[in-house]
There are 2 protein chains.
Amino acid sequence: MADKEISQAVIGRLPRYFRYLGDLKEKGVERISSQELSDIMKVTASQIRQDFNNFGGFGQQGYGYNVNYLYDEISKILGIDKQHSLVIIGTGHLGKAIAGYTNFTRRGFVFKGAFDCNPELYGTMIRDVEVRPIEEMEDFVKKNKIEIAVLTIPKEQAVPMAHKLVECGIKAIWNFAHVDLDVPNNIQVENVHLSDSLMKLSYNINRYENND
Amino acid sequence: MADKEISQAVIGRLPRYFRYLGDLKEKGVERISSQELSDIMKVTASQIRQDFNNFGGFGQQGYGYNVNYLYDEISKILGIDKQHSLVIIGTGHLGKAIAGYTNFTRRGFVFKGAFDCNPELYGTMIRDVEVRPIEEMEDFVKKNKIEIAVLTIPKEQAVPMAHKLVECGIKAIWNFAHVDLDVPNNIQVENVHLSDSLMKLSYNINRYENND
DNA sequence: TAGATTGTTAATCGATTAACAATC
DNA sequence: TAGATTGTTAATCGATTAACAATC
């Protein structure tokens with residue numbers, strides 16, 4: 001039914017709106033204008049209105065936006081009103097850190113399985129989930145119709161693992177390995193390249209020291 | 001001396017170029033044209049040339065780019081030819097995961113200190129660094145002229161901690177807390193908001209299921 | 001030299017901002 | 001109603017792509 005495509009620039013801003021609206025909600029704020037939100041978030045009011053209007057107008061002239069309503073609508077757009085099952089592949093510190101984010105559970109991400117290739121870890125528990133041998137991953141993902149795989153394994157293993165996951169019917173990969181995955185278009189990939197992020201930081205330190 | 005400002009869009013692409021050039025280097029590739037690199041990286045050759053020319057032409061007409069030279073030049077631009085000292089604040093799984101990235105060491109990021117507020121962790125070792133009480137952070141950062149602080153603590157503590165760090169003369173904060181920090185302009189902040197990233201993934205799963 | 005490929009200018013595309021009519 | 005503030009169109013800005021002259 002192909003609605004007009006929303007740019008990833010807009011999508012990328014939604015979680016931030018969501019975060020601020022959650023804060024306002026907690027503070028008991030009922031309504032907010034694009035101008036007020038603009039002051040808090042340091043983006044233009046114009047951009048805020050344009051962004052929301054991509055999804056068809058959540059405000060009311062002369063009033064502004066109802067915080068609760070807007071919050072709920074954004075959560076629907078982001079799809080975090082539904083549950084998403086998730087497995088973690090690679091149970092090093094990073095895998096454990098992610099498994100431990102109770103926030104994710106609150107957002108509907110249900111931690112269903114954990115896999116590793118280190119036999120010493122088999123049977124150990126991460127939260128209420130048992131670490132299983134990586135060989136059992138394929139069956140598990142298929143049987144439980146897992147939607148999201150979190151890849152926290154070394155880059156050498158990430159590419160073949162991504163292929164396996166695709167074959168098992170995974171819908172999305174949250175990739176922490178320092179490599180770009182090559183998967184079909186219908187598989188969603190979100191990369192978190194920590195070393196890229198640190199290099200940007202390094203650049204900006206340098207830039208400041210040399211230029212300004 | 002204010003060279004003309006390079007857009008963050010360009011900077012954001014440099015680490016990825018660097019990654020691919022490193023791979024080519026390892027494979028023993030000596031030269032590469034923007035067109036060849038374009039095929040591998042799935043970006044336009046035009047963008048590649050424009051990006052590099054922001055820094056003043058690393059190639060040669062009729063030849064292309066020398067892989068080793070380009071790799072080195074990008075590493076200089078990113079400032080990873082120099083060493084940067086770094087402390088980790090918050091030694092949960094995430095802090096430990098980051099400390100453990102041997103890659104960072106290779107890129108010149110030197111892990112100098114780790115701090116936590118949990119007394120049970122004081123004195124425990126992360127790699128060759130001892131976990132210290134958070135109260136000792138300020139002295140340590142000042143004395144050792146630490147440049148980068150990695151914030152892997154809960155968001156409630158992140159904002160006051162950022163202020164303290166600024167007072168201690170930190171140059172940059174790598175922020176993993178789910179909150180935007182408000183620091184002076186001369187302090188570089190690079191945010192890694194994992195929950196934002198996961199929400200984008202969730203949106204894209206939804207989008208694909210509903211639209212295409 | 002001829003062919004290849006950059007560096008760079010010009011054209012296009014998309015995203016952001018400004019402005020204002022619509023409307024609560 | 002009058003004032004406020006959205007929704008939306010138009011104007012601007014910046015980033016990407018295309019084209020080609022310069023040059024190795």
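Quick note on labels: first sequence line is chain A, next is B, and so on, each numbered from 1. Everything numeric in this text was worked out from a predicted model, so none of it was measured.
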- Task: Might you work through the side-chain contact (heavy atoms from CB on, under 4.5 Å) test for A:Ile98 and A:Phe104, ending with a clear yes or no?
- Result: CA-CA 9 Å; A:Ile98 290 164; A:Phe104 292 164; 4.1 Å; yes
- Query: Which word best sums up how the rings of B:Phe58 and B:Tyr69 line up, parallel for under 30°, tilted for 30 to 60°, or perpendicular for over 60°?
  - Reply: perpendicular
Can you measure [X] atom [atom1] to [N] atom [atom2] for me and round it to whole angstrom units?
| X | N | atom1 | atom2 | answer |
| --- | --- | --- | --- | --- |
| A:Arg49 | C:dC24 | CZ | C1' | 15 Å |
| B:Asn53 | D:dA22 | CG | C1' | 13 Å |
| A:Asp51 | D:dG7 | CG | P | 12 Å |
| B:Glu5 | D:dA15 | CD | P | 11 Å |
| B:Gln8 | D:dG14 | CD | C1' | 14 Å |
| A:Asn54 | C:dG14 | CG | C1' | 13 Å |

- Which ones in residues 10-47 of chain B lie close to DNA chain C, meaning a heavy atom under 4.0 Å from one of its atoms? B:Arg31, B:Ser33, B:Ser34
- Residues in contact with DNA chain C, drawn from residues 56-74 of chain A - heavy-atom cutoff 4.0 Å: A:Gln60, A:Gln61, A:Gly62
- Query: Which is it for A:His193 and A:Asn175 under the side-chain contact (heavy atoms from CB on, under 4.5 Å) test, yes or no, and what are the steps along the way?
  - Reply: CA-CA 8 Å; A:His193 291 320; A:Asn175 177 37; 3.9 Å; yes
Side-chain donor-acceptor pairs under 3.5 Å in residues 153-172 of chain B, sequence neighbours left out?
residue  : atom : partner  : partner atom : Å
B:His163 : ND1  : B:Val159 : O            : 3.4
B:Lys171 : NZ   : A:Glu209 : OE2          : 2.4
B:Lys171 : NZ   : B:Glu147 : OE1          : 3.4

- Message: With a 3.5 Å cut-off and heavy atoms only, can you find an N or O donor on one side and an acceptor on the other between the side chain of B:Gln50 and the base of C:dT9?
- Response: yes
- Message: Tell me if the aromatic rings of B:Phe109 and B:Trp174 count as close, with their centers under 6.0 Å from one another.
- Response: no
- Message: Under 6.0 Å between ring centres: does that hold for B:Phe52 and B:Tyr17?
- Response: yes
- Are any of the side-chain nitrogens in A:Asp180 or B:Lys42 under 4.0 Å away from the carboxylate oxygens of its partner? no
- Step by step, work out the side-chain contact (heavy atoms from CB on, under 4.5 Å) result for A:Asp51 and A:Gln47. CA-CA 6 Å; A:Asp51 281 352; A:Gln47 181 166 75; 3.7 Å; yes
- Query: If you fit an axis to the five pairs at each end of the helix from C:dG3-D:dC24 to C:dC24-D:dG3, how big is the angle between those two axes, to 10 degrees?
  - Reply: 10°
- Item | Residues that B:Asp182 engages under side chain to side chain donor-acceptor pair (under 3.5 Å), provided they are two or more places apart | none
- Item | By ring pair (Phe, Tyr, Trp, His ring centres under 6.0 Å) - contacts of B:Phe115 (at least two apart) | B:Phe140
- Check B:Lys145 against B:Ser85 and note the closest heavy-atom contact, atom names and distance. O-OG, 3.5 Å
